[in-house]
Amino acid sequence: MHISALDGLRGLAALIVFVSHYTLLSGMLDGLLGNGSGQLGVMIFFCLSGFLMGHLYLDHRPTLYTVYRYIVRRFIRIVPLFYFVVLSAFALHLVFPDFNFGYPVVWANLDDHLLFIRGVGAFWTIPVEVQFYLIFVAIWIVFFKKRPLLVLLIITITFIYLHNPYWLNFLSKMRIFTPVITYFLLGILAYSLSNFQQRNYYDFIFGFFLISLFCLFPRVYEKLFSIPLRELNGALILSLWNSPLYMAVTFGLLFSLVHSKIFYKVLSVKFFTVMGKISYSFYLLHVPALFVFKQYFSLKEYPIAAFFVCLPAILAISLFSFYFFEKPMSRLLASFFLRAGRNGPTQN
């Protein structure tokens, strides 16, 4: 069953990331929507990934063939565009070392990107996503038809991270083993607890969590509660990911959406669902596009006017990438790898 509103929620998350990055570069609204707000969009991305992996696979028996198909599907979804953008960023850095494209991929970190160990800038989320896909295989195999044990495991791991978020610090180079893993697991938990029956009162619950999400934008939070925050740095980012408040709001937003009537329809409208479909291209390409805009246009002089130029332009670039690169590459690779899987020993 395809859940169109989840495409819409992914599109909303992509817009949150874009607005945050644009605000950092332009100072729009005195930075109110920046200073780490994009992390909330990424939290939604990760929670959605956990939910969708559970929705697509947890109720199907993990045979060699189904696991093979899962790995192929994830591979063709992530790898082609990511490698293209990473290698393009690397080549551009070699040719134009003084031009900032937003992705400082150099010889020293190229292998970390290609092996999905760690990424720089906005690239950091993609290795984490791939690492979760590998972890999910183990979850799928071990907890197939053992849903109560899986729910207990997720609650236990979340509790451990809330009380000691660095218990696997020796593996911190792979950021999946920091508190970000709890967002994937909370997504699986949201799926495991969902019955997909829509109720009117969930409209109010989703509305509450949506307003709460906006209030948790760091600068908005600062203004509302008169709590001074640090400027954007690693310590601030870690404090967001370690916060049980952010975990609760992200989980509540996702869980209430699939049970809501009104907001399910709102996020199922064409704009949000298309944003969701192209969100991967949009996410990877908006950073270099914004840095190019910054080089040639005065974003800080007319930030709001420039916003309504940058957003449609980047949407157009993302649509082109999705329909002329992502989809054709996915079809090509799927036809090769899935045919090979059907003809090989993996189907047994």
Side-chain angles (χ1 to χ4, degrees), residues 3-22 33 36-56 73-74 77-79 81-82 85 103 116 118-136 158 174-191 206 209-210 212-214 216-217 237-238 240-243 246-258 267 272-287 314-315 318 321-322 326:
I3 307 173
S4 58
L6 296 186
D7 288 334
L9 185 59
R10 187 186 293 108
L12 178 62
L15 284 173
I16 291 172
V17 174
F18 171 80
V19 168
S20 177
H21 289 163
Y22 179 84
L33 304 179
S37 300
Q39 301 299 312
L40 280 75
V42 177
M43 291 170 186
I44 295 172
F45 279 137
F46 287 169
C47 205
L48 265 172
S49 286
F51 187 99
L52 289 170
M53 292 305 98
H55 174 65
L56 292 172
R73 291 293 183 190
R74 296 303 95 206
R77 177 74 182 92
I78 293 293
V79 174
L81 184 63
F82 180 68
V85 179
Y103 289 138
F116 296 101
R118 194 181 183 97
V120 296
F123 277 154
W124 79 268
T125 65
I126 310 304
V128 169
E129 187 90 11
V130 171
Q131 291 158 26
F132 166 69
Y133 291 156
L134 297 177
I135 292 169
F136 180 78
T158 303
M174 297 177 69
R175 293 181 184 175
I176 187 67
F177 295 113
T178 64
V180 301
I181 194 174
T182 58
Y183 288 85
F184 292 106
L185 296 178
L186 288 172
I188 297 176
L189 180 64
Y191 169 73
F206 181 83
F209 281 115
L210 188 62
S212 299
L213 183 76
F214 175 73
L216 289 178
F217 281 31
I237 297 303
L238 280 176
L240 301 183
W241 285 95
N242 293 340
S243 170
Y246 284 78
M247 294 180 186
V249 169
T250 308
F251 172 84
L253 195 74
L254 177 60
F255 181 80
S256 59
L257 175 61
V258 296
L267 287 175
F272 285 114
T273 57
V274 170
M275 270 297 305
K277 287 179 182 178
I278 67 170
S279 60
Y280 187 49
S281 283
F282 185 82
Y283 180 83
L284 287 179
L285 298 176
H286 84 277
V287 172
I314 296 173
L315 284 174
S318 303
S321 170
F322 178 75
E326 275 194 75

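With a 4.5 Å cut-off on side-chain heavy atoms, Leu9 and Phe272 do not count as touching. Counting heavy atoms from C-beta outward, Leu216 and Met43 have side chains that stay 4.5 Å or more apart. Counting heavy atoms from C-beta on, the side chains of Gln131 and Arg175 never come closer than 4.5 Å. You'll find the side chain of Leu210 reaches within 4.5 Å of the side chain of Leu12, heavy atoms only. No side-chain heavy atom of His55 sits less than 4.5 Å from a side-chain heavy atom of Leu6. By the 4.5 Å heavy-atom criterion applied to side chains, Tyr183 and Leu48 are not counted as neighbours.
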Exercise. Before giving the answer on side-chain contact (heavy atoms from CB on, under 4.5 Å), spell out for Val258 and Phe206 the whole-Å C-alpha distance, their side-chain angles and the decisive distance to 0.1 Å.
Key: CA-CA 9 Å; Val258 296; Phe206 181 83; over 6 Å; no

Self-check item: Full working for side-chain contact (heavy atoms from CB on, under 4.5 Å) between Phe251 and Thr158
Solution: CA-CA 12 Å; Phe251 172 84; Thr158 303; over 6 Å; no

Quiz prompt | Stepwise side-chain contact (heavy atoms from CB on, under 4.5 Å) check, Phe116 with Tyr133 | solution = CA-CA 11 Å; Phe116 296 101; Tyr133 291 156; over 6 Å; no

Practice problem: List the steps and the verdict of ring pair (Phe, Tyr, Trp, His ring centres under 6.0 Å) for Tyr280 and Phe82. | Solution: CA-CA 9 Å; Tyr280 187 49; Phe82 180 68; 7.8 Å; no

Practice problem: List the steps and the verdict of side-chain contact (heavy atoms from CB on, under 4.5 Å) for Ile176 and Leu134. | Solution: CA-CA 11 Å; Ile176 187 67; Leu134 297 177; over 6 Å; no

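Of all heavy-atom pairs between Gly187 and Leu254, the closest is CA-CD2, 4.2 Å. Nearest heavy atoms, Val287 versus Ala122: CG2-CB, 3.8 Å. Closest approach of Ser20 to Gly38, counting heavy atoms only: OG-N, 2.9 Å. Minimum heavy-atom separation, Cys47 to Thr250: CB-CG2, 3.7 Å. When all heavy atoms are compared, the tightest approach of Leu285 to Ser321 is CD1-CB, 3.7 Å. The two residues Gly36 and Leu240 have their closest heavy-atom pair at O-CD1, 3.8 Å.
Of the options Thr125, Val128, Ile16, a side chain to side chain contact (heavy atoms under 4.5 Å, CB included) to Val42 is made by Thr125 and by none of the others. Phe184 pairs in a ring pair (Phe, Tyr, Trp, His ring centres under 6.0 Å) with only one of the listed residues (Phe132, Tyr191, Phe136), which is Phe132.
Contacts classified as salt bridge (charged side-chain N to carboxylate O under 4.0 Å, His left out) and involving residues 42-52 (residues at least two apart or in different chains) are not found.
A donor-acceptor pair under 3.5 Å is formed between the side chain of His286 and the backbone N or O of Tyr283.
Remark: Arg77 pairs with Glu326 by the salt bridge (Lys or Arg N to Asp or Glu O under 4.0 Å) rule, at least two apart or across chains. Annotation: side-chain contact (heavy atoms from CB on, under 4.5 Å) contacts of Ser318 (sequence neighbours excluded): Ile278, Ser281, Phe282, Ile314.
In this structure, Trp241 CH2 and Ile181 CD1 are separated by 12.0 Å, a value rounded to the nearest 0.5 Å. Rounding to the nearest 0.5 angstrom, the gap separating the OG1 atom in Thr182 from the CG atom in Asn242 is 8.5 Å.
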